[in-house]
Amino acid sequence: TPKPSSAASDVYKRQVDGAFIDAALIHLRSQKLLDRRSVLLILAKTRQLLAAESTVVDLAIPAAAPHYTVCGDVHGQFYDLLNIFEMNGLPSAANPYVFNGDMVDRGSFSFEVAISLFMLKARDSSAGHLNRGNHETKNMTKIYGFEGEVRHKYDATVLALFHECFCFLPLAACIESKVFVTHGGLSSDDGGVLDDVRAIDRDREPPDAGLMCDLLWSDPQ
């Protein structure tokens, strides 16, 4: 497992700006970890940004962009994520993305995927939108790998801050009032409407039933 590079640590101990993020992505690509202080800084910034968002984020395609790119489950495949960015460009005002949950678990580089998406969110919150998936939860990360990976690479404090961020992830995005993007699927209640989703208090672990659970778990069959 790669360990934090002390030689590179000073590069990251500053504001989460474009230069910071460009350097950090290069650092992670070479299978080196960011220093712990920088990780805490990124998580604190991301938590602040996500807490300010609505449970349903309403998105309009900006004049500078031809479309939104919607990406499904990345599941810890960091080099697949880098390949997406190489083919389609990094998130920007002219190239906005929605990542629709399940950024972590299963793959071996869940930390790298999550921290990269959080950094890109911090660089331009309007260009990188992140929905919650059913794997951005304590129970799933304990079973499917993210918890163990973060404890091995860092510690319980870093893990706890990731979970605080996960709880503030929006549950859906609505693009141009036409396209509803959520990780799992629609409610089992046929009478549910969009305002019901907007009213959910999302800052928690999902319950075993109900609308919040359905949005994360109702996979089509």
**Request:** Evaluate side-chain contact (heavy atoms from CB on, under 4.5 Å) for Leu120 paired with Leu90, printing each intermediate quantity in order.
**Result:** CA-CA 8 Å; Leu120 292 166; Leu90 288 171; 4.3 Å; yes
**Prompt:** Any link between Leu169 and Val158 through a network of hydrophobic side chains (Ile, Leu, Val, Met, Phe, Trp, Tyr) touching at under 4.5 Å?
**Reply:** yes
**Minimum-distance pair of heavy atoms, taken over all atoms of Tyr68 and Ala60** = CE1-O, 3.7 Å
**Item:** Leu161 CG to Phe118 CZ distance, which is reported to the nearest 0.5 Å
**Value:** 10.5 Å
**Prompt:** Considering all heavy atoms of both residues, which atom of Phe168 and which atom of Ala51 are nearest to each other, and what is their separation?
**Reply:** CD2-CA, 3.6 Å
**Request:** Taking side chain to side chain donor-acceptor pair (under 3.5 Å) as the test, write out the residues that go with Asp80, two or more places apart.
**Result:** none
**Asked** In Å, rounded to the nearest 0.5 Å, how long is the span from CG of Leu59 to OG of Ser126?
**Response** 9.5 Å
**Prompt:** Are Asp105 and Lys142 ion-paired here, with the side-chain N under 4.0 Å from a carboxylate O?
**Reply:** no
**Selection residues 168-186 - residue pairs positive for side chain to side chain donor-acceptor pair (under 3.5 Å), sequence neighbours left out** = Asp102-His183, Asn134-His183
**Message:** Looking at Ser92 and Asn95, would you say the former's side chain and the latter's main chain have a donor-acceptor pair under 3.5 Å?
**Reply:** yes
**Asked** Salt-bridged, Glu53 to Lys121, with N to O below 4.0 Å?
**Response** yes
**Request:** Would you check if there is a donor-acceptor pair between the side chains of Arg202 and Thr55 at a distance under 3.5 Å?
**Result:** yes
**Asked** More than 12 heavy atoms of other residues, nucleotides or ligands under 6.0 Å from CG of Asn139: is that the case?
**Response** no
**Asked** Shortest non-hydrogen contact from Ala24 to Met119?
**Response** CB-SD, 3.5 Å
**Item:** Glu149/Glu112 under side-chain contact (heavy atoms from CB on, under 4.5 Å): CA gap, chis, key distance, verdict
**Value:** CA-CA 10 Å; Glu149 180 184 335; Glu112 286 79 2; 3.5 Å; yes
**Prompt:** Under 3.5 Å, is there a donor-acceptor pair linking the side chains of Asp35 and Ser38?
**Reply:** yes
**Prompt:** Is the side chain of Asn131 donor-acceptor paired with the backbone N or O of Leu171 at a distance under 3.5 Å, no angle test?
**Reply:** no
**Message:** Looking at Lys138 and Glu205, is any side-chain nitrogen of the basic one under 4.0 Å from a carboxylate oxygen of the acidic one?
**Reply:** no
**Prompt:** Under 3.5 Å, is there a donor-acceptor pair linking the side chains of Thr69 and Asn88?
**Reply:** yes
**Message:** Please determine whether residues Leu82 and Ile21 belong to a single hydrophobic cluster, defined as Ile, Leu, Val, Met, Phe, Trp and Tyr linked transitively by side-chain heavy-atom distances below 4.5 Å.
**Reply:** yes
**Item:** Pairing residues for Pro206 by the side chain to side chain contact (heavy atoms under 4.5 Å, CB included) criterion, not counting sequence neighbours
**Value:** Arg132, Thr137, Met212, Leu216
**Prompt:** Where do Leu215 and Phe180 come nearest, in terms of heavy atoms and distance?
**Reply:** CD2-CZ, 4.3 Å
**Request:** Salt-bridge test for Asp73 and Arg106: reply yes if a basic N is under 4.0 Å from a carboxylate O, no otherwise.
**Result:** no
**Asked** Where the side chain of Tyr97 meets the backbone of Leu130, is there a donor-acceptor pair that is under 3.5 Å apart?
**Response** no
**Message:** Under the ring-ring contact (aromatic ring centres under 6.0 Å, His included) test against His135, which residue among Tyr144, Phe166, Phe146, Trp217 passes?
**Reply:** Tyr144
**Message:** Is a donor from one side chain sitting under 3.5 angstrom from an acceptor on the other, for Asp189 and Ser187?
**Reply:** no
